[in-house]
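Data first, discussion second: the structure below is written as structure tokens.
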Amino acid sequence: MDMKIALVKGDGIGPDIVDEAVKVLNKVCDKYNHKIEYKEVLAGGAAIDKFNNPLPDETLETCKECDSVILGAVGGPKWDNVASELRPEKALLGLRSGLNLFCNLRPAIMYPQLKDACPLKDEIIGDGLDIMVVRELTGGIYFGKRGRDENSAYDTLSYRKDEIERIVKKAFEIASLRGKKLTSVDKANILNSSQLWRDIVNDMSSSYSDIEVNHLYVDNAAMQLVRNPRQFDTIVTTNMFGDILSDEASQITGSIGMLPSASLGSGTLGMYEPIHGSAPDIANQDIANPIATILSVAMMLRYSFNLLEEAERIEKAVYDVLDQGYRTSDIYSEGTKKVGTKEMGRLICDAI
Ligand code: NAD
């Protein structure tokens, strides 16, 4: 397969971790005879420095022309005091909306080797966790009509049928690549928009008869995530509920440097990035954990290119390297072997 990939390294540890992810991608593509062409573009603080614009047109255009985008992270104290329209984070919003990415995937994976980092009891987490939160990203209350006067304020939560259908369809497709169980989270006992959401999930479920579907109210879902997280495989929900639940789910795994994410649209183009930020406190020191970005590349192979075996090969390599006891300093514990960013990348390449 031929792939054209846009690389947005970004700021802080962005270049350190993206470089390792690229090495891993090259290694797996070598093994399976895929050809990759990279287009490196600037966004965030690096683009402000060069073009006085966090998201230059050329960056967005290049990303649109590519098959997929790998992003490190943007931002840092150097740009904290710039005008709000020039903030590095504007680049992320601009890329998501410019590429029409309405579906956010946040897996919460807890590796058994890192059990100690999980704040939950052993009997609750068992052999590890692997939950996928599918969040609607471009509609709902964050984008509704809003207003404020001296004595009141309001925000509007509304969803159109087509907006719900496209995210629910994605969620069914994702669940079918995973454990074939989909939990839809809403507040249908109170909200009209949730009742529509629930009806659509039920209607669409007849087209996916191999997938087990259930519904939870969001308050119950928040509780179940810490009481019995192993009941979940794939969760689909609205923008705000997904924002909150995906953060909760990621924290039960206890390790910010390990968690990848993806933002998808209706075609195959996606943007893949770690959930963490640019960690300016550890930039350029060869200590950042590259695994979240490396696992983002595995997600890209699975969700944008349908290369399931190649994706699993990367995930297995990460598992094996952790099993051999290698750790970057953020996940280091006594009795394990501390390695730097580059060494972690090399070990994962070797394991592939
Ligand atoms: P952060 O995620 O960058 O860092 C939080 C803590 O986690 C820090 O102690 C950091 O050293 C550590 N950490 C993060 N990633 C790590 C990794 N891969 N390996 C080891 N340790 C890691 O969050 P923050 O400090 O709140 O934000 C720093 C900057 O990043 C800010 O400018 C913020 O706006 C930006 N940010 C960007 C994104 C993004 O690009 N998607 C997301 C969040 C924050």
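One-based numbering, in listed order, for ligands and for the atoms of each.
Under the 4.5 Å side-chain criterion, counting only non-hydrogen atoms from C-beta, M258 is not in contact with T253. Counting heavy atoms from C-beta on, the side chains of V218 and T237 never come closer than 4.5 Å.
Note: Y111 and Y319 have tilted aromatic rings, judged against thresholds of 30 and 60 degrees for the angle between ring planes.
For D219 and K187, the salt-bridge test passes: some basic side-chain N is under 4.0 Å from an acidic carboxylate O. The pair R346-D350 counts as a salt bridge, with a side-chain nitrogen and a carboxylate oxygen less than 4.0 angstrom apart. With respect to the salt-bridge test (charged N to carboxylate O, under 4.0 angstrom), the residues E273 and R96 qualify. Taking a cutoff of 4.0 Å between a charged side-chain nitrogen and a carboxylate oxygen, K35 and E37 do not qualify as a salt bridge.
Of the options V8, D330, I13, the smallest heavy-atom separation from atom 16 (C) of ligand 1 is shown by I13. Among V74, I287, D16, the residue whose heavy atom lies nearest to atom 35 (C) of ligand 1 is V74. With atom 23 (O) of ligand 1 as the reference point, the heavy atom nearest to it among A292, G277, S329 is part of G277.
The closest approach between I282 and ligand 1 falls below 4.0 Å for a heavy atom of the residue.
For a threshold of 3.5 Å applied to N or O pairs, the pair formed by A279 and ligand 1 contains at least one separation below that value. For D281, a nitrogen or oxygen atom sits less than 3.5 Å from a nitrogen or oxygen atom of ligand 1, counting backbone and side chain alike. Between I256 and ligand 1, no pair of N/O atoms sits closer than 3.5 Å.
For ligand 1, the atoms closer than 4.0 angstrom to any heavy atom of A73 are 40 (O). For ligand 1, the atoms sitting less than 4.0 Å from at least one non-hydrogen atom of E273 are 41 (N), numbered in the order shown with element in parentheses. Taking every non-hydrogen atom of A288 and a distance limit under 4.0 Å, the qualifying atoms of ligand 1 come out as 19 (N). For ligand 1 and G75, the ligand atoms under 4.0 Å from any heavy atom of the residue are 32 (O). The contact set between ligand 1 and E89, taken as ligand atoms under 4.0 Å from a residue heavy atom, comprises 32 (O), 33 (C), 34 (O). Those atoms of ligand 1 that come under 4.0 Å of a heavy atom in G76, given as number and element, are 32 (O).
Counting heavy atoms closer than 4.0 Å to ligand 1, residue L92 contributes side-chain atoms (C-beta onward) but none from N, CA, C or O.
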Given salt bridge (Lys or Arg N to Asp or Glu O under 4.0 Å), test E310 with R313 step by step and report yes or no. CA-CA 5 Å; E310 289 83 337; R313 190 97 183 214; over 6 Å; no
